> 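If you scroll down you'll find the structure; I have some questions about it.
For ligands, and for the atoms within them, numbers begin at 1 and follow the listed sequence. Bear in mind the structure is a predicted one, so any value in this text is a computation, not a measurement.
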Amino acid sequence: MLNYFDLPFSDEERLVQQTTREWVEAEALPTIADHFEAGTFPKELIPRMGELGLLGASMPKYGAGMPYSCYGLICQELERGDTGLRSFVSVQSSLTMFPIYTFGTDEQKERYLPGMALGQLIGCFGLTEADHGSDPSGMETRAVPDGDGWVINGSKMWITNGNVADLCIIWAKTPDGIRGFVVDTDTKGFSARKVEKKLSLRASVTSELHFDDMRVPRTALLPGTKGIGSALRCLNEARFGIAWGVIGAAMACLESSLTYAKARPQFGKPIAGFQLTQAKFADMLTSITQMQALAYQLAKVKDAGTLRHQQVSLAKRANAAAALEVARTARTILGGNGISLEHPIIRHMANLETVITYEGTHEIHTLVLGQDLTGIAAFA
Ligand SMILES: Cc1cc2nc3c(=O)[nH]c(=O)nc-3n(C[C@H](O)[C@H](O)[C@H](O)COP(=O)(O)OP(=O)(O)OC[C@H]3O[C@@H](n4cnc5c(N)ncnc54)[C@H](O)[C@@H]3O)c2cc1C
């Protein structure tokens, strides 16, 4: 039912999807609602993610080197469990391993990537600052050359994995413009504080980072980084995973509401038998099918090496918005029970409020597409 048009997945794609789904159902779903309620990330799942090849899945040599379609399906199945699981893998794979692989030296790659692929080292990505979110070029974090290294001062906000990370990709202004650094989090001057009172992405660690006269060696610079474009390339990788991941959240909402509606009688028959409820199901199924077709095509174009960043913006924007709408609709079908953590829908719905905001807000991707169509930038 949830592959309504039976997308032409390869044997490898089916195997990756099935393996990830079975693992999520067996090991993540039993505890994820408790983690969400407690505001904790299930760290105990990380080693198995490494063993299953879910970390850096599409990276040659250090990761499993799978096609991007497989990485997409991994994201879908993780987020069918919880957005926190997919966010962890997105940050590890697309926002930390990818920049080291793409912009780093051989020494940096050998030092970090094997351990990261196994989940023995955890990464985070520090771009956003409290006063500079949608416009990260305005960042105030500075890296100043000093002797045979650099001194970094500044702070970052809303950083996924910040408190549990062993290493951090830090974007900072230097005399040569914005550059990326890979920094061990036990470096003197680095501190992380957990962001409390979140009502979304609760099964994910989000942190505020501070760098106070933090001295790092010359070798911390990622030499291939040049300007904000390097950071945006990483985000583009992660957005690809989001366009897939949110399909999983939407699937979970449709599945949960369908099961509920068939078993819940009102006015003498199951609520699934009312036309208004069936119209909701038809709309949800249509949305999910459109999301799948878009994500599948996105993966094929990415695997062919011809994907434009504007196409990723389109897919992230469209699929995140569609998934949020599915979640909101599914929630109504559960009535009062729809607001309870006993069912997964409100958890997904709350998570998707983050997804529509992070990795470029819905509005910013609207402007990306507007610029692509008109040739006129409307950001400022
Ligand atoms: C749970 C969570 C995890 C995150 N993880 C990370 C992470 O790991 N690393 C990281 O670096 N960041 C991370 N982020 C930050 C995220 O990417 C930012 O929140 C996002 O980019 C938006 O920035 P902002 O919150 O400062 O909002 P703002 O930029 O202040 O935007 C507020 C509103 O104004 C709108 N707006 C802004 N500019 C314009 C414009 N020109 N035209 C029209 N509307 C505009 C926005 O669309 C939005 O609706 C995370 C965020 C959350 C919530």
> What residue and heavy atom of the protein are closest to atom 37 (C) of ligand 1, and at what distance?
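Ranking protein heavy atoms by distance from atom 37 (C) of ligand 1, first comes Ser134 OG, 3.6 Å.
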> Quick test: of every protein heavy atom, which one is nearest to atom 49 (O) of ligand 1, and how far off is it to 0.1 Å?
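Answer, as residue, atom name and distance: Glu363 OE1, 3.4 Å.
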> Below 4.0 angstrom from a heavy atom of Ile159, which ligand 1 atoms are there? Numbered from 1 as shown, please.
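Ligand 1 atoms under the 4.0 Å threshold to Ile159: 7 (C), 8 (O), 9 (N), 10 (C), 11 (O).
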> Is there a path of hydrophobic side-chain contacts, each under 4.5 Å between heavy atoms of I/L/V/M/F/W/Y residues, joining Leu324 to Ile247?
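Yes.
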> Which protein heavy atom lies closest to atom 45 (C) of ligand 1, and at what distance to 0.1 Å?
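The protein heavy atom lying closest is Ile364 CD1, 4.5 Å.
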> Heavy-atom distances under 4.0 Å are what count here, so tell me which part of Leu201 touches ligand 1: side chain, backbone, both or neither.
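The answer is the side chain of Leu201.
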> For atom 22 (C) of ligand 1, what's the nearest protein heavy atom and its distance?
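Minimum-distance protein heavy atom for atom 22 (C) of ligand 1 reads Thr361 CG2, 3.8 Å.
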> What is the nearest protein non-hydrogen atom to atom 9 (N) of ligand 1, stated with its residue, atom name and distance?
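Nearest neighbour among protein heavy atoms for atom 9 (N) of ligand 1, to 0.1 Å: Phe125 O, 2.9 Å.
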> Do Thr102 and Arg233 meet the criterion of a side-chain donor-acceptor pair at a distance under 3.5 Å?
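Distance-only check fails for Thr102 and Arg233.
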> Which protein non-hydrogen atom lies closest to atom 19 (O) of ligand 1, naming both residue and atom, and how far is it?
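Among all protein heavy atoms, the one nearest atom 19 (O) of ligand 1 is Thr357 CG2, 4.1 Å.
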> Suppose we measure from atom 15 (C) of ligand 1 to each protein heavy atom; which comes out shortest, and what is that distance?
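For this ligand atom, the closest protein heavy atom is Thr128 OG1, 3.3 Å.
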> Backbone N or O of Asp34 within a donor-acceptor pair of the Thr31 side chain at under 3.5 Å?
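Such a contact is absent between Thr31 side chain and Asp34 backbone.
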> Which option, Glu129, Met139, Glu359, owns the non-hydrogen atom nearest atom 17 (O) of ligand 1?
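Result: the heavy atom closest to atom 17 (O) of ligand 1 is in Glu359.
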> Polar contacts were defined as any N/O atom of the residue lying under 3.5 Å from an N/O atom of the ligand; does this apply to Phe379 and ligand 1?
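So ligand 1 has an N or O lying under 3.5 Å from an N or O of Phe379.
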> Under 3.5 Å between some N or O of ligand 1 and some N or O of His132?
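No, since none of the N or O atoms of His132 sits under 3.5 Å from an N or O of ligand 1.
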> Are the side chain of Tyr296 and the backbone of Pro8 linked by a donor-acceptor contact shorter than 3.5 Å?
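Side chain of Tyr296 to backbone of Pro8: a pair is present.
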> Tell me the protein heavy atom at minimum distance from atom 43 (C) of ligand 1, and give that distance in Å.
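So the nearest neighbour among protein heavy atoms is Leu367 CD1, 4.2 Å.
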> Below 4.0 Å, non-hydrogen atoms only: which portion of Lys156 touches ligand 1? Side chain, backbone, both or neither.
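Neither; no heavy atom under 4.0 Å.
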> Is it the case that atom CG in Asp186 sees more than 12 heavy atoms from other parts of the structure closer than 6.0 Å?
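Check passes, neighbour count above 12.
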> Between Arg111 and Glu107, is there a side-chain heavy-atom distance shorter than 4.5 Å?
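The answer is no, as the side chains (C-beta and beyond) never meet within the 4.5 Å cut-off.
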> Please list, in number order, the atoms of ligand 1 under 4.0 Å from a heavy atom of Leu127.
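Matching atoms, with element in brackets: 11 (O).
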> Heavy-atom contacts under 4.0 Å between Thr160 and ligand 1: side chain, backbone, both, or neither?
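For Thr160, the contact with ligand 1 is made by both the backbone and the side chain.
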> Could you check Glu77 against Arg86 for salt bridge (charged side-chain N to carboxylate O under 4.0 Å, His left out), going step by step and ending with a plain yes or no?
CA-CA 8 Å; Glu77 295 306 319; Arg86 200 268 309 140; over 6 Å; no
> Would you say atom 32 (C) of ligand 1 makes contact with the protein, given that contact here means a non-hydrogen protein atom less than 4.0 Å away?
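Under 4.0 Å from atom 32 (C) of ligand 1, zero protein heavy atoms found.
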> Verify whether the ring centers belonging to Tyr260 and His343 lie closer than 6.0 Å.
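Tyr260 vs His343: aromatic centres under 6.0 Å.
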> Under 3.5 Å, side chain of Thr187 to main-chain N/O of Asp184, donor-acceptor pair present?
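Yes: the side chain of Thr187 pairs with the backbone of Asp184.
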> Strictly inside 4.0 angstrom of atom 28 (P) of ligand 1, do you find any protein heavy atom?
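Within 4.0 Å: yes, protein heavy atom nearby.
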> Distance check, rounded to the nearest 0.5 Å: Ile159 atom CD1 versus Ile170 atom CD1?
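Nearest 0.5 Å value for the CD1-CD1 distance: 9.5 Å.
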> Answer with yes or no whether the side chains of Lys173 and Thr141 bring together a donor and an acceptor at under 3.5 Å.
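Side-chain D/A pair, Thr141 to Lys173: absent.
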> Yes or no on side chain to side chain contact (heavy atoms under 4.5 Å, CB included) for Phe98 and Leu235, after CA distance, side-chain angles and deciding distance?
CA-CA 10 Å; Phe98 175 82; Leu235 292 172; over 6 Å; no
> Is it the case that Lys109 places NZ or CZ above or below the six-membered ring of Tyr62, under 6.0 angstrom from the centre and within 45 degrees of the axis?
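No, Lys109 and Tyr62 do not form such a contact.
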> Which is closest to atom 24 (P) of ligand 1 in terms of heavy atoms, Ala238, Gly133, Ser207?
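Closest candidate by heavy-atom distance is Gly133.
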> Heavy-atom pairs closer than 4.0 Å: do any link ligand 1 to the side chain of Tyr358, the backbone, both, or neither?
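Looking at Tyr358 and ligand 1, atoms from backbone and side chain both fall under 4.0 Å.
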> Does only the side chain of Thr354 get under 4.0 Å from ligand 1, or the backbone, or both, or neither? Count heavy atoms.
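It is the side chain that gets close, since no backbone atom is under 4.0 Å.
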